[in-house]
2 protein chains.
Amino acid sequence: MPRNKEDARRRLVTAALELFGASGFDQTTAAQIAARAGVTERTFFRHFPDKREVLFVGQSILGTALSQAIVEAPPECSPIAALRRAFVSVADMLEQNRQFSEPRRHIIAATPALQEREVAKHAALTQMVAETLQKRGVESRRAALAAQAGMAVLSYALNGWFADPSSGLVHHLDRAFEELQGLSSPPDHKWAPAFK
Amino acid sequence: MPRNKEDARRRLVTAALELFGASGFDQTTAAQIAARAGVTERTFFRHFPDKREVLFVGQSILGTALSQAIVEAPPECSPIAALRRAFVSVADMLEQNRQFSEPRRHIIAATPALQEREVAKHAALTQMVAETLQKRGVESRRAALAAQAGMAVLSYALNGWFADPSSGLVHHLDRAFEELQGLSSPPDHKWAPAFK
DNA sequence: ATCTATATGTCAGTGACAGACATATAGATG
DNA sequence: CATCTATATGTCTGTCACTGACATATAGAT
């Protein structure tokens, strides 16, 4: 086999992360990333279909893990309950990657074009979750609605966890699902209505 | 005042819609759109920050209409109830634009780059909705969750309405909100659990 | 009739990305 | 050990999205 492909990929991701963090996404050229990684611009675009994509590796891993967990949830689970189990099952993986996703978040937060891509990835993941719910027998459009509500809960929990990592991600997930149930209650108790 | 600006805008949008529909988004160049509209490529990019944006005019109108309706909902409304009122209040506007949004949907459905932009616009709208809910006194992250669930319901209803325009959009909205409530019920009654 | 603000034209340049073709290297094969 | 091969990479060239700088045209105010 030829020159080490995966290593070049890793070098490209690392170089991109560093340059984006230092100079910003728009001010960093694909050629610069390639140069720092010791390859050519053309090689960069052989590894990633476009400049943004270098920041979105590993999304597919999360997707397949989620899919598998959803399928394996007990059949008597409601759609939301199945999603809850799945999210808890990948919490560990997410907590592991925190050191990588932390700087990534800052770069994305500073770049509209990257936010657009992230939102799209989120939507794609949601789509995959919806299709997996269908395999459990959930009707198509109902599955889509459940997936969107569930992924909203996941984002909610992740935001809370990024702000406060001291309590684990699982704890944030529990609270977030309780919030979803409380959403239709009148706004009397102004703060979280459903927990202690 | 100088040459008619708004008219050039409209010609550009029309030309883009026609060319995208005929040849596809990727195969259509910005210069071609400009030529058909009787202006220069440079002028195209003075009216639209990028090539995709020509298909996303009028989103801001919907946003402001939604915001206003949310603020004006009775204070005793739950977040979801406030959103429901707001959606119903813009249903008429949406039904009016159907002839425009119909071909637009097909073009977007055939172009990943446009789907990405649409998802982003959807997210931006959701963000605006969340911030408006906060003005009603809904706590920040709870507002975000409600906005996402609510916008999911809106999409659900719009999809149903596009597939079956015979019953009005308001009817689809009613059904969609009932679906949201039924999401946490066990999957016994396989079809919509909450209505008649 | 002139004057002005604003829309548009013109020109040149940068950078993302793709096709075509050549070259280099790790490992299989003899 | 020499060769051979699949695959990764380099090189070159081209298209197109998008931008800055500067010139020009036009509808309306004076």
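Each chain gets a letter, A, B and so on, in the order the sequences are listed, and its residues count up from 1.
Checked against A/I108 for a side-chain contact (heavy atoms from CB on, under 4.5 Å), the options A/E116, A/E118, A/R52 give a single hit: A/E118.
Rounded to whole Å, atom P of C/dA7 lies 15 Å from atom CZ of B/R10. Rounding to whole angstrom units, CZ of residue B/R11 and P of C/dA7 are separated by 14 Å. Here D/dT13 presents its C1' atom at 13 Å from CD of A/E41, a figure rounded to the nearest Å. The separation between A/R46 atom CZ and D/dC12 atom C1' is 12 Å, rounded to whole Å. For B/F45 and C/dG9, the CZ to P distance is 14 Å, given to the nearest whole Å. Per the geometry, CZ belonging to B/R52 stands 14 Å off C1' belonging to D/dC16, to the nearest Å. Atom CD in A/Q27 sits roughly 16 Å away from atom P in C/dT14 (whole-Å rounding). For A/D26 and D/dC18, the CG to P distance is 12 Å, given to the nearest whole Å.
Judged by distance alone, the side chain of B/R36 and the main-chain N or O of B/A16 form no donor-acceptor pair under 3.5 Å.
In the model, B/S23 has no side-chain atom that pairs as donor or acceptor with a side-chain atom of B/T28 under 3.5 Å.
Across all strands shown, D/dA21 pairs with C/dT10; the Watson-Crick or G-U wobble distances both stay below 3.5 Å. Pair assignment for D/dT30 gives C/dA1, based on Watson-Crick or G-U wobble hydrogen-bonding distances that are each under 3.5 Å.
Contact annotation for A/T40: base contact, defined as any heavy-atom pair under 4.0 Å involving a base atom. Nucleic acid contact for B/A8: sugar-phosphate only, since backbone atoms but no base atoms lie under 4.0 Å from a heavy atom of the residue.
The residue among B/R42 and B/K5 whose nearest nucleotide of DNA chain C is located toward the 5' end is B/K5.
Among the nucleotides D/dA17, C/dA16, D/dG10, the one closest to the side chain of A/V39 is D/dG10. Ranking C/dG9, C/dA16, D/dA17 by closeness to the A/K51 side chain, first place goes to C/dA16. Relative to the side chain of A/T43, the nucleotides C/dA16, D/dT9, D/dA21 differ in distance, and D/dT9 lies closest.
In this view, B/Q127 and B/E131 satisfy the side-chain hydrogen bond (donor to acceptor under 3.5 Å, both in side chains) rule, not counting sequence neighbours.
Between A/T29 and C/dT14 there is no side-chain N or O to OP1 or OP2 distance below 4.0 Å. For the OP1/OP2 pair of D/dT9 and a distance below 4.0 Å, the side-chain nitrogens and oxygens of A/H47 include at least one atom meeting the criterion.
For CD of B/Q27, the number of neighbouring non-hydrogen atoms (other residues, nucleotides, ligands) closer than 6.0 Å is greater than 12.
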